[in-house]
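To start, the structure under review is shown below, and the notes come after it.
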Amino acid sequence: MTIQHTFSILKPDVTKRNLTGAVNALIEKAGLRIVAQKRIHMTRAQAEKFYGVHAARPFFGELVEMMTSAPVVVQVLEGENAIQRYRDVMGATNPANAAPGTIRKEFALSMGENSAHGSDATETAALEIAQFFAGNEIVG
Ligand code: GDP
């Protein structure tokens, strides 16, 4: 049994539509525990750093605009195989391809406004958590 932490963002399309609780219900139903959570309005610098890996992609400007357009909820989720488990709960990047019952199928609006971010590996999870949370803010 591997208990992991993963980093999650509920994106602006979620906060704008007052769906934070609805998305959190799917997270908790999947057996993940929300061990840290705060609502922030990301700065441009924070968003550019966070999505730096996509800086050369044609959608980068649109992505940064979207992430800074309204508040987001940043979270640390804990659970068995939390990184893959949360990717499964989120569903495919493009909501049109997401499976029924996933966050993106139920709530996402488009490929850009796709409701949630979840880390893709242990190394990125650690870096992403450290960008937004101090160790003493994570209470398992
Ligand atoms: P993820 O790991 O499933 O979030 O997907 P990626 O790492 O490939 O992409 C990061 C984020 O960039 C996605 O969640 C989308 O919000 C955004 N994104 C990816 N592809 C596109 C695209 O073609 N157009 C737009 N507007 N946004 C995109």
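Keep in mind it's a predicted model, so treat the numbers as computed, not measured. These numbers come from the heavy atoms of this one structure, side chains and all, not from hydrogens, waters or symmetry mates. Just follow the structure's listing: the first ligand is 1, and inside any ligand the first atom is 1.
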Shortest protein heavy-atom distance from [atom], along with the residue and atom involved:
atom	value
atom 6 (P) of ligand 1	H54 NE2, 3.7 Å
atom 17 (C) of ligand 1	L63 CD1, 3.8 Å
atom 4 (O) of ligand 1	R104 NH2, 3.1 Å
atom 18 (N) of ligand 1	F59 CE1, 3.6 Å
atom 13 (C) of ligand 1	N114 ND2, 3.6 Å
atom 15 (C) of ligand 1	M111 O, 3.3 Å
atom 3 (O) of ligand 1	T93 OG1, 2.6 Å

Answer side chain, backbone, both or neither: which part of K11 comes under 4.0 Å from ligand 1, heavy atoms only.
->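 Side chain only; the backbone of K11 stays clear of ligand 1.
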
For ligand 1, the portion of E62 having any non-hydrogen atom under 4.0 Å away |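 Side chain only; the backbone of E62 stays clear of ligand 1.
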
Within the structure provided, determine whether [X] and [Y] are in side-chain contact (heavy-atom separation under 4.5 Å).
X	Y	result
F107	V14	no
I9	M67	yes
T122	Q4	yes
L10	S115	no

Name the one of K11, R17, K16 that satisfies side chain to side chain contact (heavy atoms under 4.5 Å, CB included) with E113?
->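 Of K11, R17, K16, side chain to side chain contact (heavy atoms under 4.5 Å, CB included) with E113 is met by K16 alone.
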
Would you call the rings of F7 and F132 parallel, tilted or perpendicular, where under 30° means parallel and over 60° means perpendicular?
->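 Parallel, since the angle between the ring planes stays under 30°.
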
For atom 27 (N) of ligand 1, which candidate among P58, G91, G118, G112 provides the closest heavy atom?
->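 Looking at heavy atoms only, G112 sits closest to atom 27 (N) of ligand 1.
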
Nearest non-hydrogen partners of P71 and T15, listed with the distance |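 Smallest interatomic distance, heavy atoms only, reads O-OG1, 2.6 Å.
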
Proximal atoms of ligand 1 relative to R87 (non-hydrogen, under 4.0 Å) |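 Counting from 1, the qualifying ligand atoms are 2 (O), 3 (O).
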
Say whether N24 and E28, considering side chains only, have a donor N or O and an acceptor N or O under 3.5 Å apart.
->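 No pair is found: no donor N or O on one side chain lies under 3.5 Å from an acceptor on the other.
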
